[in-house]
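The structure under discussion appears below in the form of structure tokens.
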Amino acid sequence: MNDLDNRARLEPLDPGSEDPGFWIRFHGRVMAQARDELARRQMAGEWNLTEVVFQWRKTLVPMTLLAATLAGIFVLGHEEPEPFLSPIALEEALMEDLVGDPIPTVLGREAQLDEVAFLTGAGGF
Amino acid sequence: MPFLCLILNKKAHFRVRVSALIETTDGELVRAALEGQTRAFGILVSRYMRPAYLVALSITGNSEDAEDVSQEAFLVALKRLGDCRDVERFGGWFLTIVRNRARNLLRRERLRRGEELTPEISPGPGGPAEDLKRLEIREQLENGLEGLSEVRREVLLLHDLEGWKHREIAERLGIPDGTVRSHLHFARKHLRDQLGAFHGSAPSGEES
């Protein structure tokens, strides 16, 4: 018995031997039922930016929060201290950067009170 | 002239399609099907629909259940395609799904869908008497196969009816080549004896 005989003997078990359209219908039925799943796979292969972010949300959200926290700590840690402002008397403010003694000092000296002494003491010349 | 070019183009296109059907490996088709390519999955279905049916038939023992099981197995395989680790060995992986589903079906109560693909036994040229004879032969074959183990039925059907080579069966069933030959030998002998008994002839001797 050769292969052809063996095949011929079993052929009645092949539904296509009695019904030539059987396998075409079989194929069509499977493909129709697979349509949704194939479409889903196609969609999954065409990700846009939103979908990428959505897919990575489990990683992205904690990382973003962590980065924001670290940035906040960094900025606050390096803040310049405010300059110390002490109250200054009006007289001190007016006399700041002036060379020579103040006028009352000059006037208080026991030196002769003449124009030359006054002007010299006040730093006029 | 343009008409001739059109014909030649069509022929070339047809050759490309046929060669794609034959030459594309299972692995390439599986990878494309994973991306949702309908055509690739369609080729896989064409390639494995008969083997799937025969494997299911060898377990369930009747054509209606074999149809249901093999169709469902394709859909299950598509959904779980990502689980197929070695895509080049898709055939073996897929037939395991078919086998498991067929066994589950035997355990459960038989599930039936409303619409079935039962072969329409169209009236043949020989008339009702001829149709009855064909039906009788099919029943004899199914009864004859019942006496075989599951794996021998699979080997017999895949080799003799589907035309798979020993090596292909060995790869896809995960058994050694020599075991396939042995199973085939005993399955053929058993079936010959059974059919001989139906027809009232003496059992055949050892196969040469």
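The figures here come from the full heavy-atom set of this structure, side chains too, leaving out hydrogens, waters and symmetry mates. The chains referred to below are lettered A, B, ... by the order of the sequence lines, with proteins before strands, and numbering in each begins at 1.
- Using a 4.5 Å cut-off between heavy atoms, B:L161 touches chain A through backbone and side chain atoms alike.
- Heavy atoms of B:A66 lying under 4.5 Å from chain A are absent altogether.
- Here the CG atom belonging to A:N6 is positioned 7.5 Å from the CG atom belonging to B:L184, to the nearest 0.5 angstrom.
- Taking each heavy atom of A:A34 and B:L75 in turn, the nearest pair found is N-CD2, 3.7 Å.
- In this structure, chain A has a heavy atom under 4.5 Å from the side chain of B:L57, while its backbone stays farther away.
- Other residues, nucleotides and ligands place no more than 12 heavy atoms under 6.0 Å from the CZ atom of B:R89.
- Residues A:Q42 and B:G36 share a closest heavy-atom pair of NE2-O, 2.8 Å.
- What you find for B:Q37 and A:L38 is that their closest heavy atoms are O-CD2, 4.3 Å.
- Counting non-hydrogen atoms of other residues, nucleotides and ligands closer than 6.0 Å to CZ of A:R40 gives a total above 12.
- Side chain of A:H27 to backbone of B:V45: no donor-acceptor contact under 3.5 angstrom is found.
- Between A:Q33 and B:F74, the closest side-chain pair of non-hydrogen atoms is not below 4.5 Å.
- Minimum interatomic distance between B:E67 and A:F26 (heavy atoms only, all atoms of both residues): O-CE1, 4.1 Å.
- In this structure, the portions of B:L156 lying under 4.5 Å from any heavy atom of chain A include both its backbone and its side chain.
- Within the 3.5 Å criterion, the main-chain N or O of B:L78 finds a donor-acceptor partner in the side chain of A:R41.
- Distance CD/B:E162 to CZ/A:R7: 7.5 Å, rounded to 0.5 Å.
- The minimum heavy-atom distance between A:V30 and B:F41, with the atom names listed, is CG1-CE2, 4.2 Å.
- For the pair B:T38 and A:M31, the minimum side-chain heavy-atom distance is below 4.5 Å.
- For the set B:K79, B:H159, B:M49, the entry with the most heavy-atom pairs within less than 4.5 Å of chain A is B:M49.
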